[in-house]
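Atoms considered below: every heavy atom in the structure, side chains included; atoms not considered: hydrogens, waters and symmetry mates.
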Amino acid sequence: MTRWAKDVDPDNTLGEYPRPQMRRPHWVNLNGLWQYAIRPADQGRPAQWDGKILVPFCVESALSGVGKRVGDDQRLWYRREFSMSDAAGVPGRWLLHFGAVDWHAVVWVNGKKVGEHKGGYDPFTFDITEAVKPGQRQELVVGVWDPTDAGRQPRGKQQREPKGIWYTPVTGIWQTVWLEPVPRQYIKGLKITPDLDAQSVTVKVDAEADAKHAVSVELLDRGQTFATGVGTVGKPITVKLPEVRPWSPDDPHLYGLIVHLKGADGVESYFGMRKIEVKADGQGHQRLYLNNKPLFHYGPLDQGWWPDGLYTAPTDAALKYDIEITKKLGFNMARKHVKIEPARWYYWCDRLGLMVWQDMPSTTGGPPWVRDETKPGPQWDRDAESAEQFKRELAAMVNAFYNHPSIVMWVPFNERWGQFKTNQIVAYNRQLDPTRPINEASGGNWVFAGDVLDVHAYPSPRLPKARKGMALVCGEFGGLGMPIKGHLWQADRNWGYRTYHDKQKLHRHYETLMHQLHPLIGKGLAGAVYTQTTDVEIEVNGLLTYDRAVLKFDADKLVELHKRLYQPPPRAVWLLPASDGPDDRAQTWRYTFAAPGAKWFTERYDDAEWEQGKAGFGRADTPNTRVRTKWESADIWVRRSFELKEAPTGPVFFNIHHDEDATVYINGAKALELTRWTDSYGLVPGDVDPRKLLRPGENVIAVHCRQTGGGQYIDVGLVEMKPPGK
C-alpha cells in the first residue's frame, strides 16, 4: 500500500472535479461504495449481490475492498442508488459521465438501458434524462465484460497470468463516475489549438445546439479578461493575443478560457501557448523543437501503476506526486507507457510543466519484432473488427486529450505489440492531430512514415542510424534494478535489466549511463527515456519503489547529472578507436582462444605467437555488432599497443561492447571489470581512472572476455571527453 491509502474516504473518493479542461460549477460525484457481483458472462443482471466495492478502484485492487479476479468468461456487475437533489441548479438534461471502464460497459438507469461503450481508457457520457424519475431515488446498474489478453482490444500491460513485464488485470470502473446537470442546449466539447507564431488561439465548440447558435470566448491571464472572440457552434473562432508567454517545462504558463453558448451554457477551461515540431538544427540533425528552439527531451518511462489501486491512484495528491518527483529529479518529460491516465494527470503535467510522450495502449498479437532501422519492418494482418476497434480507441485518445499542452508526441505502437498497417495508422493519427509529432513505432518495426525514429537499448542508450527527416530518439534504456526489502510486491524472484543490491553501485552505473548519453546528443540524439519511474509488481528497476516510499537515488546528484544533458555536449577525442569509431576503420589486435600465461596482460608479455585479427571479435548473429574476426569459443584474450602524444587531461571512458563478462587492463593494471552483456557500444568509466594508467608514448591494453551462451562479442576503445569547442 502507498502512504496515500489511509486518506481514501469512501464518502469522498477522488472528490476533485474530474474534467479540468471543461468545468461547470454543479456536479455529483458518484464514486464510493457500490454493490457488486461476479457472474457467468452469459447471465443477466444478478438477483443478489456479492458485497460492496469501492468505486472507482478496479475489482482486482486492494483499495476496491474486493481483490478478486474476473475471468474472460465472467461479467462484473455494479449497482448503486443516487438522488437527483444532490445536484444544485435547474437542469434541462442529466449527463452521466464515466472517466474510464475496462472494457465493454453496458449501463441501465431505473431498469432502462441508456447506452454501452467499448474502450478501456477513454471517457464517455450518456444522456439519462429520459430514464430518470423525478422525486425518486434513482438506480444505476453497470455490467462490464473484459477479456484482457484473451481479446484483441487495447489492454496495455494487463495479463490474465501476470509475470515479468506483464501485470495484474484491471477490470471494470477505474476512473470517476459522475453526474452533471446541463441546460437543454449545452456544450459537449472544446477543441483548442494554439498558434504560437501567429500569436493566436483557435477554439472550436461542439454543442447540443443549432449550428448557427452564437458562441463567445474570453481569454484570461491571472483571472483578468484580456481578449474576446465570437462565432458559432462548430466553426473555428480565432482570437489574437496582444503578447504571448509560451508554455514550457521551465515556465508552464497557462491562460484561462471561458466559453459561453449564448443564453444557455457556459464552461471554464485553459490552454497553453506552445509549439512542438521536428526540424533540422544548424548541424543538420533533426531535433525536437519547442517554441522554435531545440530542446532535448529526457524523462522516465512512466507506467502509471499503483500497488493499492493498480490503474488508479489512491488520491489526487498521489497522482500529482509522480509528476512532482519527476520534475524534482530534473526530468522535463515522461513517456506514458501503453496506458492513458485520467484527465487530472495531464492537468497536473500542464500545471507543473512536464512534457508527455503519449503511448496508445497496446493489444495482443503482432508481427515478428525486427529492430534493424535500415529497412522497413514487417506488418501484421489483424482481423477487421479489432483493427476498427483500435482505430476507434486511438481517435478517442487523441480527441479526448488534444487540448493538453503537456502532450507533445503520440506513440501509436510499441515494440510491434499489435502493430498493423503502420502507414495507414500514422496517416490516420496525423489526420486526427496534425500539430504534434508522431513516433510511429517505439522500439522497432519502422516503416518511416512518422516523424521520430525510436530505438530501445538496454542498459546503455543507443543512437539510431540517421533517417532523413526523422528525429532520432532512444525510447527506452537503463532498467537498473534494486529490490528494497519491505517495499516489494513479492519477496523474491524480482528482476531488473540489471539488478544491484548496493546503492553506490547502482548510482555509479546510472552515472555511467549519463556519461554515455550526453555525447550522443551531439551526434544527433533528440530525446531519451530511462526505464522507469517506479518499480511495478515484480519489476524493481524504478527510480522509486512501487509504493513511492523510497527514492533509490540521491535527488541532488540526479539533478546535477540531468542538468548536463540540457547543456552543449562534450567533444569526443579518440585515444584508441573501436570498430564504431568515426572513420569506421578496422583496428588490429593480437588474440588467442587458448588460456595464456599468468602475465598475459602486462606490458612486457610476448604475444608474438598469438593470432592477428580485426576487431570486433564475435559471432555474426550477435545484435548490433560488426564482426570482423570470428570468435565462437568460451573465452578470448586480446591485446594491442597504441601511442599517445600526450597524457589525457579530460575524463577518459572505455567505449566497449561486451557479451559477456569482460576485464580490461591498461599497462598491466586492472582498469575495468564488467559482468553480463551489452547490446550496443557504450561509454563506461574505469574502476580506476584511466588517466592514472595512461602515459605519453607507448601503452598496452589487454582484454579477457568470457561468454556462456547466446551471442558473443568484444571490442574496446578509449575516448577522452573535452569541453565543447576545445
Side-chain donor-acceptor pair present, D250, S248, cut-off under 3.5 Å: no
R436 side-chain N/O to Y402 backbone N/O, donor-acceptor pair under 3.5 Å: yes
Any donor-acceptor pair under 3.5 Å from N291 side chain to K275 backbone: yes
Residue among K336, K339, R335 satisfying salt bridge (Lys or Arg N to Asp or Glu O under 4.0 Å) with D359: R335
Whether Y321 and W4 hold their rings parallel, tilted or perpendicular, with breakpoints at 30° and 60°: tilted
Residue pair I438 / R430: nearest heavy atoms and the distance that separates them: CD1-N, 3.5 Å
F98 side chain reached by Q175 side chain, heavy atoms, under 4.5 Å: no
Evaluation steps, side-chain contact (heavy atoms from CB on, under 4.5 Å), between W34 and V142: CA-CA 10 Å; W34 296 38; V142 182; 4.2 Å; yes
Minimal non-hydrogen separation, G475 against D454, with atom names: N-OD1, 2.8 Å
Distance in Å, Q138 CD paired with L96 CG, rounded so as to fall on 0.5 Å steps: 11.5 Å
Side-chain donor-acceptor pair present, S200, D195, cut-off under 3.5 Å: no
Side-chain donor or acceptor of T125 paired with backbone N/O of H97 under 3.5 Å: no
Compile the donor-acceptor pairs under 3.5 Å between side chains in residues 218-236 and protein atoms, sequence neighbours left out, one pair per line.
residue, atom, partner, partner atom, Å
E218, OE1, T225, OG1, 3.0
D221, OD1, H253, NE2, 3.0

Closest non-hydrogen atom pair between V452 and P437, with its separation: CG2-CB, 4.5 Å
Q389 versus E393, side-chain donor and acceptor atoms under 3.5 Å: yes
Heavy atoms of other groups near K240 NZ, more than 12 under 6.0 Å: yes
Distance-only polar pair, side chains of Y311 and S61, donor-acceptor under 3.5 Å: no
Donor-acceptor contact present, side-chain R548 to main-chain D322, <3.5 Å: no
Minimum-distance pair of heavy atoms, taken over all atoms of W174 and G120: NE1-O, 2.9 Å
Inter-residue atom distance S406.OG - I276.CD1, 0.5 Å rounding: 11.5 Å
Any donor-acceptor pair under 3.5 Å from N29 side chain to T13 backbone: yes
Within-4.5 Å side-chain heavy-atom neighbours: Q199 and M273: no
Side-chain (Q424) to main-chain (K421) donor-acceptor, under 3.5 angstrom: no
K328, NZ atom: more than 12 neighbouring heavy atoms under 6.0 Å: no
Check: D350/W247 side-chain N/O donor and acceptor closer than 3.5 Å: no
Plane angle bin for W145 and H104 - parallel if under 30°, tilted between 30 and 60°, otherwise perpendicular: perpendicular
A105 to F124 - nearest heavy-atom pair and separation: CB-CZ, 4.2 Å
Pairwise side-chain contact, F401 with W345, heavy-atom cut-off 4.5 Å (strictly under): no
Near-ring test Y428/F390, centroid separation under 6.0 angstrom: no
Flag for R19-Y17: side-chain donor and acceptor within less than 3.5 Å: yes
Main-chain N/O of R344 paired with E16 side-chain donor or acceptor, under 3.5 Å: no
Test item: L352 and L354 side chains (from C-beta on) under 4.5 Å apart, heavy atoms: no
R351, CZ: over 12 other non-hydrogen atoms inside 6.0 angstrom: no
NZ/K327: more than 12 non-hydrogen atoms of other groups inside 6.0 Å: yes
D206 side-chain N/O to K188 backbone N/O, donor-acceptor pair under 3.5 Å: no
Inter-residue atom distance Q21.CD - S269.OG, 0.5 Å rounding: 5.0 Å
Heavy-atom side-chain proximity of H337 to K157 below 4.5 angstrom: yes
Full working for side-chain contact (heavy atoms from CB on, under 4.5 Å) between V109 and F126: CA-CA 10 Å; V109 173; F126 299 130; over 6 Å; no
Heavy-atom side-chain contact between R274 and M355 under 4.5 Å: no
Polar side chain donor-acceptor pair, N399 to D122, under 3.5 angstrom: no
Nearest-0.5 Å distance that lies between atom NE2 in H562 and atom OH in Y530: 9.0 Å
Check against salt bridge (Lys or Arg N to Asp or Glu O under 4.0 Å), R93 and D265: CA-CA 12 Å; R93 311 208 60 87; D265 194 15; over 6 Å; no
Check: V170 and T312 side chains under 4.5 Å, non-hydrogen atoms: no
Short side-chain donor-acceptor distance under 3.5 Å, T422 and Q379: yes
Test side-chain contact (heavy atoms from CB on, under 4.5 Å) applied to M360 and N429, step by step: CA-CA 11 Å; M360 175 64 189; N429 199 155; over 6 Å; no
Within-4.5 Å side-chain heavy-atom neighbours: L179 and I128: yes
Heavy-atom closest contact (L432 atom, A395 atom, distance): CD1-CA, 3.6 Å
Check: Q419 side chain, A441 main-chain N or O, donor-acceptor pair, under 3.5 Å: no
Side-chain donor-acceptor pair present, Y346, Q358, cut-off under 3.5 Å: yes
side-chain contact (heavy atoms from CB on, under 4.5 Å) assessment of W103 paired with K118: CA-CA 6 Å; W103 174 73; K118 291 182 178 180; 3.8 Å; yes
Value rounded to 0.5 Å, distance of CD1 in I340 from OH in Y121: 7.5 Å
Short side-chain to backbone donor-acceptor contact, D451 and V278, under 3.5 Å: no
Between H297 and W357: side-chain donor-acceptor atoms closer than 3.5 Å: yes
Pairwise distance CG(N414) to CG(N445) - rounded to 0.5 angstrom: 11.0 Å
